[in-house]
Amino acid sequence: MTEQSKGKTISLPVLGSVSRRTAMKGVGATLGAGAFAAAISPLRHLADTLTVEELMQQHYQELSADGKKKVIERLEAETKEQYGADVTISDPRPIPGTKFVYAINLSVCNGNGKCVEACHNENNHDRDTNQSYIRVLEMQKGTMDMEQGNTTYDHEVPAADKFYMPVQCQQCDEPPCTDVCPVQATWKEDDGIVVVDYNWCIGCRYCEAACPYHARRFNWKTPNVPAAEVNPDQGYLSNRIRPQGVVEKCHYCLHRTRKGRLPACLEACPTGARVFGNILDPDSEIRWLLENKRVYVLKEEVGTKPSFFYFFDS
Amino acid sequence: MSSMPVRPKHPEGTPGHFLSYRKFLLRSLALSTDGSLLFYTWMIMLTLVFLVGANAWANQVVHGMITTNMTDHVSWGLYISNFTFMVGVAAGGVMMVIPAYLYRDKAMHNVVILGEFLAIAAIVMCLMFVVADLGRPDRSWHLIPGLGRFNFPISMLTWDVIVLNGYLLLNLHICGYLLYMRFLGRTPNPKWYIPFVFISIAWAISIHTVTAFLYSGLGGRPLWNTALLAPRFLASAFVSGPAFIIISMFVLRRLQVPILDDPIHTLLKILRITVLISLFMVVSEIFTEFYTGGAHTSSARYLYLGLHGKNALVPWIWTAVGLNIIGAILLLHPAATKRAVPLIIACVFVFVGTWIEKGMGLIVPGFIPSTLHEMVEYLPSVTEWKVSAGIVAFGLMIYTIAIKIAVPILSGRVSPPGQPHPPRDC
Ligand code: SF4
């Protein structure tokens, strides 16, 4: 406020009496720029790991067949380099006339958590955080109130007076998570599976806030998976090792199910509580179930229309 | 300003403008970097805080957001809290524009640019908070319409990108044009800014409405899923914005900038009403939550009373309640019109109170309990505090520099190119 208080009019910058001050400003600006460069110098680490191809990569749905092939080759090479594992990344597309649906028999499920573990291994989840797409709620018999449930139980199962309710992505027909995504990094495919393009997601986590089922997970850090434990059978939109800073979710093991196999969580379930199949196939077990059992969906009132059902035997 | 020489209007875009605009920018650069020891100390301090923030952010980008205390349960924290609050501050600036232009309040007209500067600084902070919250800032270009894939109109976040950037441009244009005309010593041509001023009034409402819709549209988060959210956001925005401007007016007075009493009183009148409306809405919300009860209200119970033995946010919200109530009483007390100290204290109180109420008191408890009713608490990490402080420091730098440039130009102490110096007035 100097010129202000003295009320004098000063001429254009770099002239006469202000030259010393101008020089000081120059020094100040240089120091400032230097300090700023030093402050953000950790970013240099990124320059080593982030390639131009990755930075400029197009959205999954805009990649040409050739472009996709190149991307997949690059990702396989990167996995080899960073994780020391030889993997094959496939990109199976939805099978026409298929809509996948899941159902769980809560009379049978005993909360042993084998599905949680199978998901963890199948999907190359971060070992440090023990990540999985499935959470099992231990519920009080006599109520459906989730507030009385508990996901961190640690005792012999099944406990008396309890029943168990595994929750994972419900593959909603009206998914709020895909609506809110500002960059269309997540969408619903023709067979009903909601997927994420891990190379397009900007990591805003709006979808995580929008999901009523706590189905989405964020990669708070680069996943750590020892080479020997990496599942080499990977899908581009499913279980390939995710980059840091993006969102992921259950994809009904599309790298298996679109090739005629069953989801890993179902295969691992020792009680047979899990039923999976194509609802459009009139002879499928899942179709019979939905037609003959009294099934319900979670949080029906939020209007998400899940493709995931629960039922009791008796 | 009336003493300023009025020159015939040049056709826009002539080489004359090209040159004089360059001089205007140079002059602004000189003004923004000249100053007293106090000014330099203030700016160096802000620069240091900004650098600490920049460094923390760089580390966050490299090591991942594990450096924050956010989790899959509480997936938005201090950044989005501050973002929400700053959108309000930006919108709050309009409470000077409305009296100045809609009610033709002369005294307000002279200082209205403070509100517009605040809008600019606050929007820049908003955009920085959003980027700080991104897991992949390197992919921000996916958000650029035409380049990336813009999920418009379905995603409310794309609306926010549009309205925030639009508001920034509007205010940059209005301020830049007015200052440039003053610099040339010409009367601003209403055609070139009045329509934009009126658009900016409506636009200010829109930025906070869209930001509220971002949250209130989520059916899975009962605490946010209320139609009252947007009105509440606006009411509290019209508390935080004017409160901040009153504080900065007192600071400017201290620095010998002549600020009259009238605009301060006008803002006080506005505050007295908005602070009550804001409190009333909070009370309505609390009544509905607590009288109804049930699982949909667990977030509110967690926030105010603690739930299942967890109560990390209880001290925060009661601090906010206390600050807002005391602030409101001080504002309504007749002393506020006569003495500076109680008014300044009141403004600081309601400003901080609103900051807590909209962030740690609204964004964070929206996630607790989680959608599967798990109780995972959240308090910001050191990284989050550092990055936030850095962004606020940067915003204050913008605000300071803008005022620095504007004050001499507005009080006619800077000469237009090739013109005799305007008459001195002090
Ligand atoms: S986190 Fe990724 S997938 Fe989710 S909304 Fe943001 S960009 Fe879309």
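Every chain is numbered from 1, with letters handed out A, B, ... down the list of sequences. Just so it is clear, the structure is predicted and the values come from calculations on it, not from any experiment.
Chosen from B:Val52, B:Asp133, B:Thr158, the residue pairing most often with chain A at heavy-atom distances under 4.5 Å is B:Asp133. Options A:Cys201, A:Gly203, A:Ala39, A:Pro212 differ in how many heavy-atom pairs under 4.5 Å they form with chain B, and the most are formed by A:Ala39. Note on A:Met24, A:His214, A:Met56, A:His45: by heavy-atom pairs under 4.5 Å with chain B, the leading option is A:His214. When B:Gly220, B:Gly64, B:Ala54, B:Ser155 are compared by the number of non-hydrogen pairs under 4.5 Å with chain A, B:Ser155 comes out ahead. With respect to chain A, the highest number of heavy-atom pairs below 4.5 Å among B:Ile154, B:Val62, B:Leu37 belongs to B:Val62. When B:Asn225, B:Leu51, B:Val161 are compared by the number of non-hydrogen pairs under 4.5 Å with chain A, B:Leu51 comes out ahead. Note on A:Ser41, A:Cys181, A:Ala38, A:Gly149: by heavy-atom pairs under 4.5 Å with chain B, the leading option is A:Cys181. For the set A:Arg205, A:Met146, A:Gln148, A:Lys221, the count of heavy-atom pairs under 4.5 angstrom toward chain B peaks at A:Arg205. The candidate with the highest count of non-hydrogen atom pairs below 4.5 Å against chain B, out of A:Asn150, A:Asn199, A:Asp145, is A:Asn199. Highest contact tally toward chain A, considering only B:Leu372, B:Asn59, B:Val61, is held by B:Leu372 [criterion: heavy-atom pairs under 4.5 Å]. Contacts with chain A were tallied for B:Leu214, B:Asp160, B:Val74, B:Thr67; B:Leu214 has the most, counting heavy-atom pairs under 4.5 Å. Ranked by heavy-atom pairs shorter than 4.5 Å toward chain B, the options A:Thr152, A:Val247, A:Thr151 are led by A:Thr151.
With a threshold of 4.5 angstrom between heavy atoms, A:Thr222 does not approach chain B through any atom at all. Only the side chain of A:Val302 comes within contact range of chain B, with at least one heavy atom under 4.5 Å from a heavy atom of that chain. With a threshold of 4.5 angstrom between heavy atoms, A:Gln57 approaches chain B through N, CA, C or O but not through any side-chain atom. Neither the backbone nor the side chain of A:Arg44 comes within less than 4.5 Å of any heavy atom in chain B. B:His308 touches chain A through its side chain: at least one heavy atom from C-beta onward sits under 4.5 Å away, while N, CA, C and O do not. For a residue to count as touching a neighbouring chain, one of its non-hydrogen atoms must lie under 4.5 Å from one of that chain's; by this rule B:Met70 touches chain A with backbone and side chain alike. Proximity to chain A involves both the backbone and the side chain of B:His142, based on heavy atoms less than 4.5 angstrom apart. Residue contact with chain A, scored on non-hydrogen atoms closer than 4.5 Å, involves the backbone and the side chain of B:Leu157 alike. Neither the backbone nor the side chain of B:Leu48 comes within contact range of chain A; no heavy atom of the residue lies under 4.5 Å from a heavy atom of that chain. Contact annotation for A:Leu298: neither backbone nor side-chain heavy atoms come within less than 4.5 Å of a heavy atom of chain B. Both the backbone and the side chain of B:Ser75 come within less than 4.5 Å of a heavy atom of chain A. For B:Phe152, no part lies near chain A; criterion is any non-hydrogen pair under 4.5 Å. Proximity to chain A (any heavy atom under 4.5 Å) is restricted, for B:Trp141, to the side chain, taken from C-beta onward. A:Val167 touches chain B through its side chain: at least one heavy atom from C-beta onward sits under 4.5 Å away, while N, CA, C and O do not. If you measure heavy-atom distances from A:Leu137 to chain B, the contacts under 4.5 Å come from the side chain alone.
Side-chain polar atoms of B:Arg136 and A:Asn219 form no donor-acceptor pair below 3.5 angstrom. There is a side-chain donor-acceptor pair under 3.5 Å between A:Trp220 and B:Asp72. If you check the side chains of B:Gln60 and B:Thr383, you find no donor sitting under 3.5 Å from an acceptor. In this structure, a donor-acceptor pair under 3.5 Å is absent between the side chains of A:Gln184 and A:His59.
Here the closest non-hydrogen pair linking B:Arg139 and A:Pro243 is NH2-CG, 4.2 Å. Heavy atoms only, all atoms of each residue included: B:Tyr79 and B:Glu384 are closest at OH-CA, 3.5 Å. Annotation for A:Val194 and A:Cys172: closest pair CG2-O, 4.4 Å, computed over non-hydrogen atoms.
Using a 4.5 Å cut-off on side-chain heavy atoms (C-beta onward), A:Val71 and A:Leu63 make contact.
The pair A:Lys188-A:Asp173 counts as a salt bridge, with a side-chain nitrogen and a carboxylate oxygen less than 4.0 angstrom apart.
None of A:His125, A:Arg127, A:Gln82 except one satisfies the side chain to side chain contact (heavy atoms under 4.5 Å, CB included) rule with A:Val225; the exception is A:Arg127.
B:Thr297 contributes no side-chain N or O that, together with a main-chain N or O of B:Ala300, makes up a donor-acceptor pair within less than 3.5 Å. Looking at B:Lys404, its side chain does come within 3.5 Å of a backbone N or O of B:Leu31 through a donor-acceptor pair.
Here B:Thr68 pairs with nothing under the side-chain hydrogen bond (donor to acceptor under 3.5 Å, both in side chains) rule; sequence neighbours left out.
Cation-pi geometry between A:Lys68 and A:Tyr60 is met: the NZ or CZ atom falls under 6.0 Å from the ring centre, inside 45° of the normal.
Under a cut-off of 6.0 angstrom, the local environment of CH2 in B:Trp224 is crowded, with over 12 non-hydrogen atoms contributed by other residues, nucleotides or ligands.
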From CA spacing to verdict: side-chain hydrogen bond (donor to acceptor under 3.5 Å, both in side chains), B:Ser298, A:Glu147 | CA-CA 9 Å; B:Ser298 1; A:Glu147 197 163 338; 3.3 Å; yes
